[in-house]
Amino acid sequence: MAVVFERTKGLRPVSTHYCPGCTHGIIHRLTAEALEELGVLDRAIGVAPVGCSVLAYNYFNCDMQEAAHGRAPAVATGIKRVLPDKFVFTYQGDGDLASIGTAEVVHAAHRGENISIVFVNNAIYGMTGGQMAPTTLAGQRTTTSPLGRDPLHAGYPIRIAEMLAMIPGAAFIERVSVDSPANVRKAKKAIKRAFEIQLEGKGFSLVEVLSTCPTNWGIEPPLALKWLRENMIPYYPLGNFRDKTKEEATDE
Amino acid sequence: MAVVFERTKGLRPVSTHYCPGCTHGIIHRLTAEALEELGVLDRAIGVAPVGCSVLAYNYFNCDMQEAAHGRAPAVATGIKRVLPDKFVFTYQGDGDLASIGTAEVVHAAHRGENISIVFVNNAIYGMTGGQMAPTTLAGQRTTTSPLGRDPLHAGYPIRIAEMLAMIPGAAFIERVSVDSPANVRKAKKAIKRAFEIQLEGKGFSLVEVLSTCPTNWGIEPPLALKWLRENMIPYYPLGNFRDKTKEEATDE
Amino acid sequence: MAAKGKVTFSRDLCKGCGLCVSACPLKILEMDRETINEKGYNPAYCADPQKCIGCANCAMMCPDQVITVERF
Amino acid sequence: MAAKGKVTFSRDLCKGCGLCVSACPLKILEMDRETINEKGYNPAYCADPQKCIGCANCAMMCPDQVITVERF
Amino acid sequence: MNSERTILAGFGGQGVMLMGQLLTQAGMFEGKEVSFLPSYGPEMRGGTANCGVIIQTEPISSPVVEGNATSEIIMNLPSLLKFEKDLIPGGKLLINSSLIERKASRSDIEVYYIPSSDIANELGNTRVSNMVMLGAFIEVTGAVDSENVFHALEERLGEEKAHLMEINRDAFERGMECARKQRTNG
Amino acid sequence: MNSERTILAGFGGQGVMLMGQLLTQAGMFEGKEVSFLPSYGPEMRGGTANCGVIIQTEPISSPVVEGNATSEIIMNLPSLLKFEKDLIPGGKLLINSSLIERKASRSDIEVYYIPSSDIANELGNTRVSNMVMLGAFIEVTGAVDSENVFHALEERLGEEKAHLMEINRDAFERGMECARKQRTNG
Amino acid sequence: MAKILMKGNEAVGEAAIRAGCRFFFGYPITPQSELPEYMSLHLPKVGGVYLQAESEIAAINMVYGAAGCGARVMTGSSSPGIALKQEGISYMAGAELPCVIVNMMRGGPGLGSIQPAQSDYFQSTRGGGDGDYRLLVYAPASVQEMVDYVQIAFDKADKYRNPVLVVGDGVIGQMMEPVEFVSKPAENLPEKDWATTGTGGKREPNIINSLYLDAEKLERHNIHLSKKYSYMQENEQRWEATGLEGAELVIVAYGTTARIARSAMDNLNKKGWKIGLLRPITLWPFPEKGFQLLDETTKHLLVVEMSMGQMIDDVRIVNEGKRKIHFTGRSGGVIPSTSLIEEKILEILERSE
Amino acid sequence: MAKILMKGNEAVGEAAIRAGCRFFFGYPITPQSELPEYMSLHLPKVGGVYLQAESEIAAINMVYGAAGCGARVMTGSSSPGIALKQEGISYMAGAELPCVIVNMMRGGPGLGSIQPAQSDYFQSTRGGGDGDYRLLVYAPASVQEMVDYVQIAFDKADKYRNPVLVVGDGVIGQMMEPVEFVSKPAENLPEKDWATTGTGGKREPNIINSLYLDAEKLERHNIHLSKKYSYMQENEQRWEATGLEGAELVIVAYGTTARIARSAMDNLNKKGWKIGLLRPITLWPFPEKGFQLLDETTKHLLVVEMSMGQMIDDVRIVNEGKRKIHFTGRSGGVIPSTSLIEEKILEILERSE
Ligand SMILES: Cc1ncc(C[n+]2csc(CCOP(=O)(O)OP(=O)(O)O)c2C)c(N)n1
Ligand SMILES: Cc1ncc(C[n+]2csc(CCOP(=O)(O)OP(=O)(O)O)c2C)c(N)n1
Ligand code: SF4
Ligand code: SF4
Ligand code: SF4
Ligand code: SF4
Ligand code: SF4
Ligand code: SF4
Ligand SMILES: [Mg+2]
Ligand SMILES: [Mg+2]
């Protein structure tokens, strides 16, 4: 009899504060497993954002810094420039990364900063009680788009992966989802690949993970996965948007 | 005998503070001509940046606001939301727009804000004495890249037009140059088209104009044009990157 | 038919979200409506352990690392 | 040959940058090294007005709106 | 000075905030000075919710009910453990005994055990268990007039949900009744 | 207290800042208290550049030379108009007469007209006109020893540009000579 | 008008709308998010615009643009969010643009906590923007006062062409109290002929700006601003004084803390002590005049804050060494209890007996 | 070591490098750009890193990350740029991260001018970040002092685990003076065992953080910080006093202004007046102890600033009504002249005669 699945050592043995069924938990696990499997836990320094995952510093089993809202990529830059041999990653929500922190993530990519980012897009501001995010879908109701997001007023949701892929410094950009076991497995692969890119010294890597917020969407967890599948994936197509290592391979 | 070229009424009858041969002057003229020709001078509200063109409020012959460094798109948003029937534009440098103001321009585009932006890319921070900009070319010497920009350290220069074109809310994005009379004429056309997009209520429009900084490049004005042509244009290809009106036309 | 897999739940960690339940291809997981765990939730459990194929889909979807999966 | 165009310089606005000079397809513009204008620069001028074709290339490149161009 | 200072506490979803607001609003209808202060801390994610309500004739200075509560409505065990100490001697403690097996530990207070979830269940809607508690509360404190609570509820439900008035009223009265009995017995 | 407070002003590109720095550095070599304060305002874009240098035996309090200059080196007309008033009575004014036709308007000061651009031209390099002025300045003020100026310049030029020493020395000496003559004449 | 039971944050929104505010640019943050939420629902109903900015920085700069067009405009946030607005606020003060900014303070420094606090007193009264500028700062102590001062704030902002800050804390933002919206006749306000609304071909261009490359000009501008601030100091001080006569000790506290202090005072006075309360309503200008009313009998001032003590500075300034100054408070989001204050007072008075 | 003639901004850079600073994150702004420029050329030579951030906000957050790893790290800017750093500074104070921040002040408010000023006194001493926190603030008055205090600043930052601010102005940033780099033996500094450098599998994870969701915990943290600040107040006050004995009037001025005031003082004292000068070197903690040395003869304090008067507040606080306080200064980038100060002094003294 073989254990085919058990709790990763990449997470501390504590229970998280996340709401029941919130896929932040899954994404934490994938991130932690990647750290563990790549053997970098003891030289990893993670950066937690401001958002529901603000307490990530209590969960990942490695050194952690808690950054100001949106500034995780800048903080990670500071860390990486001081300790280029350590493994540095940020874990950020869509309010954090795609709204207030836009300049910081764009310029970390622009500098080809050799860090990795796990970007959790749940189309809402979870922590503050469900306000509209730049990634909130057209028509989606939130506490600051009470009648549903009106693209004529607030624009069409921003596609971060596509945008960052246009920046010369970005080495690896992929969008994944955690709505099904199969997609979770793919997500894990992408995160691990992104981390390897850093270990290979190739530069900036980011994985956008489509995620749920059952609480603020007001949808039961299993249905929230369905909602993600049916509403988010069509607008936010899954796939790789940039992989410099492959481009280089083709170049040869 | 017909006057084929005279000073536009879009500019106040004053001499600018720009260095001799600085193409900011040309771009001012094109912008002002477009305002005049479209007949919007009396209902235009412009936003000046922080950069060499900070004093643009003294030059354009219309109401003007001077914004904090990088925040012109946010200021323009405030204006446009209050006065949707007025014509609102910003005039920004590459330090202003592509560095500190990244989040503001990305989100103005994201919201499909119905404003127009003239983005002057001279690959350097002119006003503060020639420091590196995110758009500074690889190998280019500046006062903060004294040995030439090293992409391994500071990344490859960012291509703003290409990046913004990926944002769903952006309606019109084009890159032009003012290194020759022919290109100046094309630049004028693009700026005018961008302004028309706003007048048609189509949303966010931006024209990136490749420009010189003879003073901080340390190159005589005519040679600066040549330098632009030979070094900037290959990296920053000219052309239209997005025109929603055409996409819509094709959609039909 | 002998079980090919085995799932174990750290029941007190369970938040009763039901994601494992809907992920199990054999529909053998259920919420235990009788029990309230330390955290105040009805925890999930395996209602028909014999059928488990050890595919780990349940564990893959559990946000709280409640489930350990073994395969024979 | 009669001139087809005419260029007029607001000389005191000129900053002596020379962009017009290099833009003129007929190479008829020059810097006036003899004169220093109000701003302290050698202004540009047309050394051979008869040849001007009124193409306005010079004006197109002048950053300081120094030049007015007429065509016959 | 006539002052009712109440702590209401329970799980999120038990209607604790609504209870507090109805009470406050009813007090306002009666021309009294009122305040309602909800907790909004991070513990809310953990699922607990509580608020403090003050109803009195004099202007309210501090809106914080802490250590000087005259009454409490307690809907779950963690809240009992947390807030029992905040009652003044002689204060009134109403416990949802359907969910809380434990008894009050103090002897210097008046305690009422209201099986509100069970009563609500009997009425066919577990969600009205808060109204059962509120009825009981009004019965023992007389903080405000029942009719004003109903009035507040009516406003709150609006026309769309007006049909829910009846079951809420029933729940409220069952709560009153239950408390009345304990009072007579006790 | 022996104190030389000098304003140096002209167009950008005339080497005004370099003059000021050489002077300051020479003063430092002599163990004196020195300070060099450049203007960096927006007028620099307009092409003017100026700085204030203090060389004295006592510690320097205010590094600002304004209204109390003991000497001035003026390289263009706008600077003459702007700074003439800042000289103390008896102060020394050195004017680059190649570029400035106008005469000084004050009679309570010592004025020297040095055709420095012309002299530099004669020497074959218009760029050394600042050294001509500096030579004249040292001649009339004796603010520092010439050798220390050369020493400062040497450091500044480094090995790469060491070949430029000679022409600079020549320019300096021509400046001294020119001033010496005016002194004798005047 | 009948009273309505409203949450502080929402009442602020309603008051703003009634004061003619039609534009709100904000970014969510606890404990003030109900303000943008309220605005997002209600502004469109009156033809106004709620826009969620990408950040607090963008929000304050949108406010700048809107105010420059002459609109009544507002933004709100909580402590770290207000920190991000400092540059923009300084620009607005420099360009003399009116607006109302709300800060529902929470515990700091840094990310701190989301619980109520008053530790942005320095930030409110001395700012973190650059240069010589001042904000008019109101610190209401109840939901009703919030409503009243938000309305006043808009008028004062327009009157002085200056940003006005209204500070509350988590308690005031989250609590519900009955409020009445009394529409006061607006002050006689100057026309906004400086606004950029398009020349219409009828006037010279208007320019909104805070840059003065010529130092002498900037100095003249600073002197102009400074005169305005002096005028405000003379005319806009507000405070509430209770029981000053014969008081042995006077509590100095504002906002929520003043209410708790009031309870403590009442309790002690009932026991025969002589305690007074001086509640600054304007934090800037600090109500120096209120302190001139202090009785000779008053030997002690007790400053109470939900912070480690910041207002003490201003009390020391106006006190000029006359009375003994004491401090008590709680910080980090903990609300001081009446008993804390009572004990502190007794300690002071009993020790000095 | 021989003296070198250096520009203030560059001397700051060199001093930092000699103090072991190996990381600089900055963003250009006049009049301090020569600092990042110097760093961009010289840091790589000693194995350090200069990185131009996309903004002042990014810069201070990079500093946060680097400081969290235990590095000696610096950033610099000028007035509006420092305004943008306020949130980050508050985070660093909250997370107890050492760093050195340089502000070469220019005229404000808003974009203001690029000329020298001292109108960020409030910003420096009271900050614009949220919460109860303090910075140690040095205000050197010469290029040499800049060098000395930048070195001290790094030590103090490490000692207290707190950001240290060094303020100059356009004059100090741009002027050249001879400097000497004397390497002082570093203070006995605590090990940075809290830094996030990777656990190496040898210890529990380290966490750099300013969030305390539990208000009581945040309060304990605030009390801890507050004790540190009190200790600093007790031990870190620095000032320079000249001619206090028998002085009728004492000038209070710092930085460049103090030097000009010194000239004015010398001029008047030569004429037989009795003027003293008290120059705060630490703006926070404000040198209260220096004021205790004032002579009984001193009836007047004259505060001189390149601002409309901000330090007055602190002088009023320490003065406690004992002496008459006066003010003069210039603002917006204008440098006060010695004659302005002399005239003001004569006006005060002659009027009071
Ligand atoms: C400067 C600042 N602005 C705003 C906030 C309030 N805030 C906390 S989390 C958050 C957004 C969180 O949304 P997201 O990043 O999408 O993360 P999620 O909670 O959805 O995982 C906001 C706006 C803050 N703490 N600091
Ligand atoms: C907040 C802030 N940071 C920095 C500056 C200094 N600054 C003024 S202009 C400028 C950059 C200008 O470069 P760019 O936008 O490319 O315009 P250019 O001068 O090249 O036209 C900077 C960094 C400032 N004024 N405010
Ligand atoms: S609020 Fe949403 S994102 Fe946050 S923990 Fe709950 S479900 Fe997850
Ligand atoms: S510094 Fe450069 S960009 Fe600025 S005016 Fe001069 S040439 Fe133009
Ligand atoms: S391992 Fe597979 S079969 Fe077994 S319980 Fe889990 S999901 Fe079902
Ligand atoms: S997925 Fe995990 S937390 Fe959710 S019900 Fe199943 S075991 Fe419990
Ligand atoms: S109009 Fe054409 S031909 Fe005439 S001067 Fe100008 S560029 Fe030359
Ligand atoms: S382009 Fe214009 S400014 Fe330049 S030399 Fe010609 S006329 Fe003069
Ligand atoms: Mg989110
Ligand atoms: Mg530029």
Side-chain angles (χ1 to χ4, degrees), chain A residues 9-12 17 35 39-51 54-88 90 100-111 113 115 127, chain H residues 22-25 27 43 47-73 75 84-92 94-95 97 99 129-130 192 194-213:
Chain A
K9 288 189 185 51
L11 291 174
R12 298 210 208 181
H17 69 294
L35 292 173
V40 295
L41 267 176
D42 59 348
R43 58 188 177 105
I45 301 158
V47 183
V50 175
V54 65
L55 294 176
Y57 56 74
N58 284 333
Y59 306 142
F60 289 114
N61 201 2
C62 60
D63 277 3
M64 294 289 296
Q65 294 197 15
E66 202 291 305
H69 192 31
R71 318 305 175 192
V75 170
T77 298
I79 298 170
K80 189 73 181 185
R81 295 288 174 147
V82 171
L83 302 170
D85 297 332
K86 301 292 154 99
F87 182 86
V88 181
T90 77
I100 191 170
T102 309
E104 285 72 18
V105 74
V106 163
H107 284 278
H110 154 240
R111 289 188 302 270
E113 211 59 66
I115 58 171
M127 184 184 220
Chain H
R22 287 294 173 272
F23 300 91
F24 186 96
F25 301 96
Y27 189 78
L43 268 177
V49 176
Y50 161 83
L51 193 67
Q52 189 164 310
E54 60 271 28
S55 68
E56 289 85 355
I57 292 185
I60 190 70
N61 284 287
M62 289 173 185
V63 168
Y64 179 103
C69 297
R72 283 209 154 175
V73 54
T75 187
L84 287 169
K85 292 183 197 282
Q86 296 300 326
E87 187 204 27
I89 293 173
S90 164
Y91 266 74
M92 292 196 75
L97 292 179
C99 73
D130 55 300
K192 297 186 175 180
W194 43 264
T196 55
T197 52
T199 63
K202 292 191 191 105
R203 55 161 171 75
E204 284 298 289
N206 279 339
I207 295 171
I208 303 293
N209 174 44
S210 71
L211 174 70
Y212 295 81
L213 279 178

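Proteins get letters first, then strands, A, B, ... in listed order; numbering begins at 1 in each. Computed over heavy atoms, backbone and side chain alike; hydrogens, waters and symmetry mates excluded.
Minimum interatomic distance between Leu41(A) and Thr199(H) (heavy atoms only, all atoms of both residues): O-OG1, 4.2 Å. Residues Glu104(A) and Glu54(H) share a closest heavy-atom pair of CA-OE2, 3.2 Å. Residues Leu51(H) and Glu113(A) share a closest heavy-atom pair of CD2-OE1, 4.2 Å. Here the closest heavy-atom approach between residue Asp63(A) and residue Pro205(H) is recorded as OD1-CA, 3.3 Å. Shortest non-hydrogen contact noted between Ala74(A) and Ala58(H) is CB-O, 3.7 Å.
Heavy atoms of Ala68(A) lying under 4.5 Å from chain H belong to its backbone as well as its side chain. With a 4.5 Å cut-off on non-hydrogen atoms, Thr197(H) touches chain A through its backbone and its side chain both. The contact between Val50(A) and chain H is made entirely by side chain atoms (from C-beta outward), counting heavy-atom distances below 4.5 Å. Using a 4.5 Å cut-off between heavy atoms, Ala67(H) makes no contact with chain A at all. Only the side chain of Leu55(A) comes within contact range of chain H, judged by heavy atoms closer than 4.5 Å.
Highest contact tally toward chain H, considering only Val54(A), Val88(A), Thr77(A), Ile45(A), is held by Ile45(A) [criterion: heavy-atom pairs under 4.5 Å]. Between chain H and the options His69(A), Arg43(A), Arg81(A), His110(A), the largest number of non-hydrogen pairs under 4.5 Å is found for Arg81(A). Of the listed residues (Ala44(A), Gly101(A), Cys62(A), Ala76(A)), the greatest number of heavy-atom pairs within a distance under 4.5 Å of chain H belongs to Cys62(A). When each of Val63(H), Asn61(H), Ile60(H) is checked for heavy-atom pairs under 4.5 Å with chain A, Asn61(H) comes out on top. Note on Val49(H), Val73(H), Leu211(H): by heavy-atom pairs under 4.5 Å with chain A, the leading option is Leu211(H).
When side chains are defined from C-beta on, Glu204(H) counts as touching Arg12(A), because their heavy atoms get closer than 4.5 Å. The side-chain heavy atoms of Arg71(A) and Tyr64(H), taken from C-beta on, include no pair separated by under 4.5 Å.
In this structure, Arg203(H) does not pair ionically with Asp42(A), as no charged nitrogen and carboxylate oxygen lie closer than 4.0 Å.
Using modelled atom types, one side-chain atom of Gln65(A) and one backbone atom of Gly65(H) make a donor-acceptor pair closer than 3.5 Å.
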